[in-house]
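Working notes for the structure below.
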Amino acid sequence: MSDQSTAGRLGQRLGRILLMLPYAIQNPGVSVTELSHRFGVAKRDVIDDLNLVFLCGLPGYGPGDLIDVSIDEDRIYIDMADYFSAPLRLTPGEALSLYAGATALAELPDLANAGSLKSALDKLGKALGVDGDAARIGVRFEPAPVQHLATLRDALSRKRRVRLEYLSATRGELTEREVDPWGLIAALGRWYLVARDRLSGEERMFRLDRMKVAEITSDAAEVPEDFDAERYKGAFTGEGETSVTLEISPAAARWFEDYYPVENSYELDDGWRKVTMIAGGDRWMATLMLQLGSDCRNPEPESLQQRARALAAAIEARHR
Amino acid sequence: MRRIERLINLIAALLDTERPMSAEDIRQKIAGYDQPNHDAFRRSFERDKEALRTMGIPLEVRPVPGADVDGYIIPKDKYYLPELDLEPDELAALRLTASAVLGGQRVAESGLMKLSVDAPNTEWNGPRVVWGADMATEQPLLGSLYGALLDRAAVSFDYSTAEGSTSVRYVEPYGLVHRTGNWYVVGRDVSRDAVRSFKVSRIAGDVRPTGESYTIPESFDAASHLGGEPWEIGEETTDVTVHFDASLAWWADQNLAGLPTTTDADGGRTVTMKVARLDALISWVIGLGEHVEIVAPAEARARLVQHLSPFLESA
């Protein structure tokens with residue numbers, strides 16, 4: 001067992017105790033069961049924590065100094081610990097994640113709780129002692145089409161299939177498809193719909209800004225019980241995936257792996273990096289190569305070079 | 001005695017005391033510091049101080065009144081969460097938020113737990129919509145930077161620019177801004193005496209307090225300083241007009257609403273954009289494909305063709 005994980009567990013337990021004490025002090029007679037639910041630990045752990053607290057207190061450590069814990073048929077009473085009757089204030093990290101999350105949610109046009117969220121944040125600002133300018137945090141998303149957000153949230157809550165007209169990055173054209181929506185995700189500053197494409201049977205991420213039409217159908221959608229939004233943080237679309245290699249210049253290599261699904265890479269003799277990555281189809285890859293311009297070379301398969309040239313010629317023709 | 005008991009005793013004593021306790025005081029009075037010699041005590045105490053600091057417990061060093069020595073105290077006004085009187089609907093909204101944050105979820109939830117200590121444990125009963133906002137708040141540097149911002153404590157850090165050079169920067173943080181999946185700290189770069197933005201992921205190593213304090217100019221807006229789109233990040237802008245063919249008119253209408261737009265005879269749209277970084281705009285236009293055209297200025301059109309040149313047949 002590493003020292004760090006020991007320290008992590010210790011910190012976690014201490015944090016829980018410093019929260020559980022104020023709660024139990026403010027709610028005399030609270031049950032072990034309730035504490036166990038509220039703090040997400042086994043009853044056994046609650047009792048262990050209480051037995052530990054019972055041994056602690058103020059210098060002197062006599063009967064009048066130690067924290068007094070009594071358990072009366074599952075009911076808990078704590079005394080002689082006034083200094084633990086309020087919780088520790090929020091850490092900057094805790095405040096920041098609530099703030100940032102709330103700011104993102106406030107972008108939702110049809111959020112029924114928008115007013116509550118706003119007033120909660122104002123109070124949170126006071127808690128941080130920086131009344132007025134508490135936020136000093138700007139979170140900005142690419143504007144998502146309001147009507148699509150509303151439609152998709154409705155479809156998700158009613159578990160209905162959705163018909164999309166979608167500008168596919170894989171094909172560079174509008175496509176029509178029916179999907180079973182699984183969830184809405186905001187990642188990398190954009191809103192995405194995670195859904196299963198009925199035609200291909202594959203799960204995909206669809207960018208809301210690329211939807212021309214999103215319509216609820218009368219068909220029921222199949223949604224997996226164990227859908228886990230956490231898996232989709234990277235926001236890779238998963239469409240038309242193939243594995244390709246490309247050489248990236250030293251200047252672009254520094255940021256490239258932060259943004260694209262690189263599987264592995266190594267440095268070449270002249271400082272360029274050869275990356276193996278997942279490409280979302282030939283058109284997607286050709287677009288990426290043109291965006292990189294002189295910062296990329298030697299794609300494999302070689303056909304990508306032809307594809308990129310064709311696209312470059314089409315774009316150049318508009319700018320001659 | 002177990003270490004966790006010693007830590008609880010330490011927090012209790014330093015929180016309850018009105019008078020800072022010297023290290024010697026702590027050793028003699030607080031249960032758990034009965035190490036056989038001074039060095040062993042020092043080591044234990046240093047580790048404990050670090051543990052408290054990591055948890056965000058404000059441990060301060062102050063002179064002990066009437067004694068020629070420094071002592072330790074946890075100031076009550078900095079430890080306790082002030083009364084917030086959150087209404088049930090406000091808590092529900094925050095609970096919704098905590099459940100929506102990916103990446104920083106555990107941090108958000110522990111914050112929520114503190115806020116709802118005097119509230120009934122109501123469940124969020126909204127529609128079962130699964131969603132999330134990946135705020136990447138798991139980055140520990142963000143907590144440090146935000147803490148510095150709240151305390152108005154200037155910091156220094158090692159920073160690598162996009163061009164690859166690394167240098168130490170001295171910064172007074174004015175705000176934190178999230179853009180397309182990245183966090184930026186906006187603030188005064190002390191050496192350059194100018195407001196700059198720094199991408200948090202380019203900060204190497206720790207954020208160190210310099211010990212200096214500062215004030216933030218009134219009505220400073222970090223978000224607008226950074227601009228919105230990648231091509232807006234910069235000081236001077238020029239107008240660039242971009243044409244969307246009729247087949248993509250819906251896209252421009254839907255996603256660029258708010259920009260000056262004209263409808264053309266062919267059913268397409270022409271949009272005027274303020275651009276500080278032409279290369280970022282060119283990349284964006286290429287991403288939209290062959291149905292989008294930069295109309296003016298001529299220099300921007302030439303730059304785009306120049307950018308594509310490695311892929312064009314030489315004439």
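This is a predicted model, so every value here is computed, not measured. Numbered from 1 within each chain, the chains take letters A, B, ... in sequence-line order.
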Select one option (side chain, backbone, both, neither) describing which atoms of Asp245(B) are under 4.5 Å from chain A's heavy atoms. side chain

Tell me, side chain or backbone of Gln306(B) under 4.5 Å from chain A's heavy atoms, or both, or neither? neither

Which atoms of Pro58(B) are under 4.5 Å from chain A, going by heavy atoms: the side chain, the backbone, both sets, or neither? side chain

Is it the side chain or the backbone of Leu98(A) that comes within 4.5 Å of chain B heavy atoms, both, or neither? both

Between Ile282(B), Leu288(B), Ile11(B), which shows the greatest number of heavy-atom pairs under 4.5 Å with chain A? Ile11(B)

Heavy-atom contact with chain A under 4.5 Å, split by part of Leu7(B): side chain

Run the salt-bridge test on Glu290(B) and Arg318(A) with the 4.0 Å N-O cut-off and return the result as yes or no. no

Chain B heavy atoms under 4.5 Å from Leu292(A): which part of the residue, side chain, backbone, both or neither? backbone

For Phe311(B) versus Gly293(A), what's the shortest heavy-atom pair and its separation? CE1-O, 3.8 Å

Measure Val295(B) against the heavy atoms of chain A and call it side chain, backbone, both or neither at under 4.5 Å. neither

Heavy-atom contact with chain B under 4.5 Å, split by part of Leu14(A): both

What pair of heavy atoms forms the shortest contact from Ala312(A) to Leu308(B), and how long is it? O-CD1, 3.8 Å

Contact class of Leu304(B) relative to chain A, heavy atoms under 4.5 angstrom: side chain

Does any heavy atom of chain A fall under 4.5 Å from the side chain of Ala51(B), the backbone, both, or neither of them? neither

Which one of His307(B), Glu5(B), Arg6(B) has the most heavy-atom pairs closer than 4.5 Å to chain A? His307(B)

Given heavy-atom pairs under 4.5 angstrom as the criterion, report whether the side chain, backbone, both or neither of Arg210(A) touches chain B. both

For Gly287(B) and Thr287(A), work out which heavy atoms get closest and say how close. CA-CG2, 3.6 Å

Please identify, among Pro310(B), Ser283(B), Ala300(B), the residue contributing the most non-hydrogen atom pairs under 4.5 Å to chain A. Ser283(B)

Under 4.5 Å from any heavy atom of chain B, what part of Leu288(A) do you find: side chain, backbone, both or neither? neither

Greatest number of heavy atom pairs closer than 4.5 Å to chain B - which of Met211(A), Arg297(A), Arg16(A): Met211(A)

With a 4.5 angstrom heavy-atom cut-off, could you sort out which part of Met289(A) is near chain B: side chain, backbone, both or neither? both

